[in-house]
Engineer: 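Once you've had a glance at the structure underneath, I'll fire off some questions.
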Amino acid sequence: IEHGAPVTIRSSAGSACAEARVTDGIKEGAVFLPMHVGRRLAGGTGCANNATESRVDPVSKEPDFKFVPVAVEAEDPAARTVAVIGAGTAARAFVERYAGQRPQDAIHVFGDEREAFYLRPLLPNIVADRCEWTDLAAGSVQADRFTLHLGERVDEIDRENRRVRTRSGKSLAYDYVVIATGSRSAEPKWKPPGMEGVFGVRSRIDAEQLRSAAGRSKRAVIVGGGLLGLEMADALAKRGVRCTLLHRSSMLMRGALDGPAERMLRSHLAGLGIDVRLNDTVLNVHGRERVEGVRTTTGTYLECDLLVCAVGVESNSGLALDAGLDVRRGIVVNSSLRTSDDRIYAIGEAAEFRGRMYGTAPAVQEQAIVAADHLAGHLYREYAGSVPYNVLKLERLQIAVIGESADPDTSTEIALDADEKAGRYRKLVFRNNRLVGAILFVTGAACMATKRNALGILLGIELVLNGANINFIA
C-alpha cells in the first residue's frame with residue numbers, strides 16, 4: 001500500500017474507504033481513521049462508523065468502543081473499460097490524469113470529428129489568419145494509454161447492458177462512461193437552415209469555411225456580444241470585412257464587465273471599424289439560397305453577405321437524456337461529477353453542477369481532475385464549483401475578468417487604477433480583506449508590452465481568489 005493510494009478498511013462489521021497515509025507516527029499495525037470523515041462522500045462509504053460495531057449498552061445507552069480489528073486492502077487492480085464520449089479538451093484532461101493512475105485499464109475515446117483535443121476558443125484565430133491549425137493542438141497524450149475512435153458519433157448508452165453504440169455500428173462493453181460532449185451553438189428561431197453565408201463557429205470545419213468565405217465577403221453581421229461574437233467581429237475586421245455587431249442587451253459582456261470597462265471596449269471596437277448596435281438583434285434573414293441582409297428588431301435593414309451567429313451555446317446533453325439520466329440545462333452531476341447513474345460521469349460544458357454550467361478552460365480542467373481521481377478510487381475528491389473566469393483577446397486589446405467584478409455589492413471595497421485615454425483599466429474587488437474579483441483591461445502599446453506576462457497576471461489573480469498572497473500580483 002503506497003502513501004496516498006485509495007484503500008478499503010474492512011472489518012467483521014463492514015467497510016470504509018479512505019486514502020492511505022503511511023507514517024511511523026503511530027504504532028506499527030495500527031490504523032487510525034477520524035470517526036465522521038467521509039459521511040457525505042461517495043454515498044457515505046468513507047464513514048468510519050461503517051467498519052465499527054453499532055451495538056449500544058442496554059442500560060447506559062453508550063455506544064460500543066470504536067475499536068475493531070481490520071484489514072486494509074488496496075484498490076482493486078483488476079482492469080476495467082472506460083468509455084470517454086467526446087474528444088475535446090475535457091476528454092484530454094481526463095485521460096491524461098486517469099491513465100497515469102490506472103495504467104491497467106482500457107480507455108476508449110470517441111470523437112465525432114476527424115480531429116481530437118484542439119482548443120476551440122482559438123478558432124477565431126483561424127478565421128483571422130493569425131495562426132495555423134497546428135497551433136490549436138491542446139497538447140499530446142501518450143497514444144499507448146488509450147484507443148482513439150475518430151469520426152465515431154456515439155448514439156446510444158445502453159445502461160442495462162452496459163454498452164455504448166456508435167452510428168457506424170460499433171459497440172463497446174463498458175464498466176464506466178465519462179460524457180465530455182461539450183456544447184453546440186444555440187440556434188435562434190430566425191436562423192435559416194442551410195442558407196449559404198450563415199455560420200456558427202464550433203468546429204474546425206466551421207472556422208475554415210468561414211475563413212474561406214471572408215476572403216470573398218464585403219459586409220458581415222455578427223449577432224452576439226459575448227466572447228465569441230466579439231472575437232469573430234475582430235477576426236473578420238482584420239480580414240478587411242466591414243462588420244456590424246448586434247447585441248440584444250444594453251451592455252457587451254454583460255455580467256462580466258462593469259460600465260466603464262464596457263464603454264472602453266466599445267470605443268476600442270469603434271476604432272477597429274466595427275459598428276456596435278446594442279438593444280437590437282435579428283428579426284428575420286433576407287435572401288434565397290444565400291444571405292443578402294437582415295431586418296433587425298428596431299426595423300433597420302442591414303445588407304450583408306456573411307451572417308455569424310454567436311448568441312450562446314447549449315449543452316450537448318441529448319445522449320444522456322435518451323439514456324434516461326437526469327438532465328436539466330445540462331447533465332446533472334454531484335460533487336464527484338457523477339450523474340444519476342453511478343457508473344456514468346459528465347464533465348465540461350455538457351455538465352450542470354448545482355444549477356450552473358461551467359465552460360471556461362480552468363473549470364473544465366478542474367472537473368476532469370476530480371472525475372479522474374474519483375474514478376481511480378480517491379473518493380474524497382470533490383468539485384465545489386469554479387471561479388468565473390473570462391479572457392477576451394482582440395487586436396491590440398486584452399481583457400481578463402475573474403470572480404465578482406461587474407456588479408459588486410455594498411459589502412465590497414474596490415481598488416481602481418483607470419486611465420481611459422491611455423487605454424488602461426485595472427480593478428480589484430475585496431470583501432473582508434479578501435480579493436473576490438478583478439478586471440484587467442489594457443490596449444494599444446501597453447497591451448503588446450504585457451502580452452508576455454498576461455498569463456502570469458491572470459494566474460496570480462486566480463491564486464489570490466483561492467487564498468494565496470496578494471503580493472504575487474503587485
Side-chain angles (χ1 to χ4, degrees), residues 1-57 60-80 82 93-94 96-105 145 176 334-338 342 345 362 365-387 432-434 459-460 462-472:
I1 294 174
E2 296 181 356
H3 187 80
V7 296
T8 300
I9 301 98
R10 297 191 187 279
S11 73
S12 59
S15 64
C17 300
E19 288 184 8
R21 293 290 183 266
V22 182
T23 176
D24 57 6
I26 59 177
K27 184 178 178 181
E28 184 178 353
V31 176
F32 172 76
L33 188 65
M35 290 310 305
H36 301 292
V37 170
R39 181 183 297 276
R40 61 192 176 88
L41 296 179
T45 61
C47 185
N49 280 331
N50 292 347
T52 59
E53 296 291 345
S54 58
R55 298 173 299 186
V56 296
D57 183 85
S60 68
K61 305 302 181 184
E62 285 291 322
D64 194 10
F65 289 115
K66 302 301 182 181
F67 183 84
V68 63
V70 298
V72 182
E73 303 171 355
E75 175 72 11
D76 181 9
R80 53 196 185 187
V82 179
F94 172 85
E96 189 174 55
R97 181 79 171 191
Y98 183 77
Q101 301 181 71
R102 298 273 307 185
Q104 71 271 35
D105 289 359
R145 290 188 168 191
Y176 293 93
N334 62 16
S335 59
S336 304
L337 282 307
R338 288 196 294 187
D342 285 349
Y345 293 72
Q365 184 80 12
E366 291 169 19
Q367 291 182 2
I369 288 173
V370 170
D373 287 355
H374 190 272
L375 185 52
H378 299 277
L379 302 182
Y380 287 82
R381 295 289 193 266
E382 280 192 301
Y383 179 68
S386 297
V387 176
N432 299 325
N433 295 321
R434 181 174 179 268
L459 178 60
E462 188 171 15
L463 288 171
V464 172
L465 286 172
N466 285 283
N469 194 311
I470 192 170
N471 290 334
F472 183 90

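Sequential numbering from 1 along the given sequence is applied to the chain's residues.
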Engineer: Between the main-chain N or O of Arg434 and the side-chain N or O of Asn432, is there a donor-acceptor pair closer than 3.5 Å?
Structural biologist: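 No, the answer is negative, given that no donor and acceptor are paired below the 3.5 Å cut-off.
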
Engineer: Any heavy-atom pair between the side chains of Ser335 and Arg381 that's under 4.5 Å?
Structural biologist: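 In short, these two side chains do not touch, never coming nearer than 4.5 Å.
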
Engineer: Write down the atom of Ala51, the atom of Ser11, and the distance for their closest heavy-atom approach.
Structural biologist: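 The pair with the smallest heavy-atom distance is O-OG, 2.5 Å.
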
Engineer: Do you see a donor-acceptor pair shorter than 3.5 Å between the side chains of Tyr345 and His374?
Structural biologist: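 There is such a pair (donor and acceptor under 3.5 Å, judged by atom type) between the side chains of Tyr345 and His374.
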
Engineer: Is there a side-chain contact between Phe94 and Gln367 in this structure, where contact means two heavy atoms from C-beta onward sitting under 4.5 Å apart?
Structural biologist: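 The answer is no; the side chains never approach within 4.5 Å.
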
Engineer: Flag yes if more than 12 heavy atoms outside Asp57 fall under 6.0 Å of its CG atom; otherwise flag no.
Structural biologist: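 Yes, the 6.0 Å shell around CG holds more than 12 heavy atoms from other groups.
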
Engineer: Look up atom CG in Asp64 and atom OG1 in Thr52, then write down how far apart they are to the nearest 0.5 Å.
Structural biologist: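 Reported to 0.5 Å precision, the distance equals 8.0 Å.
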
Engineer: So, for Tyr176 and Asp342, which heavy atoms are closest and what is the spacing to 0.1 Å?
Structural biologist: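 The answer is CE2-O, 4.1 Å.
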
Engineer: Would you mind reporting whether Thr8 and Val72 have side-chain heavy atoms less than 4.5 Å apart?
Structural biologist: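 When only atoms from C-beta onward are counted, Thr8 and Val72 do not touch, as no gap falls below 4.5 Å.
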
Engineer: Compare every heavy atom of Glu366 with every heavy atom of Ser386, then report the nearest pair and how far apart it is.
Structural biologist: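 The answer is OG-OE1, 2.7 Å.
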
Engineer: For residues Leu337 and Ala371, report the shortest heavy-atom separation together with the two atoms involved.
Structural biologist: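 In terms of heavy atoms, the two residues are closest at CB-CB, 4.0 Å.
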
Engineer: Do you know the tightest heavy-atom contact between Arg97 and Ala372?
Structural biologist: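 Arg97 and Ala372 have their closest heavy atoms at CG-CB, 3.5 Å.
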
Engineer: For atom CD of Glu2, is the number of surrounding heavy atoms from other residues, nucleotides or ligands below 6.0 Å larger than 12?
Structural biologist: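 Not more than 12 within 6.0 Å, no.
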
Engineer: Please tell me whether Glu19 and His3 have a donor and an acceptor in their side chains that are separated by less than 3.5 angstrom.
Structural biologist: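 Distance-only check fails for Glu19 and His3.
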
Engineer: Between Gln101, Arg80, Arg102, Arg338, which is the residue that forms a side-chain contact (heavy atoms from CB on, under 4.5 Å) with Leu375?
Structural biologist: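 So the option named by the test is Arg80.
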
Engineer: For the residue pair Asp105 / Tyr98, report whether a side-chain donor-acceptor contact shorter than 3.5 Å exists.
Structural biologist: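 Present: a donor and an acceptor within the cut-off.
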
Engineer: Any donor-acceptor pair under 3.5 Å linking the side chain of Thr23 with the backbone of Gly25?
Structural biologist: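 Yes, because the side chain of Thr23 sits within donor-acceptor range (under 3.5 Å) of the backbone of Gly25.
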
Engineer: Look up atom SG in Cys17 and atom CZ in Arg10, then write down how far apart they are to the nearest 0.5 Å.
Structural biologist: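 Those atoms lie 7.5 Å apart.
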
Engineer: Check Ala20 against Val7 and note the closest heavy-atom contact, atom names and distance.
Structural biologist: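 Heavy atoms only, the tightest pair is CB-CG1, 4.0 Å.
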
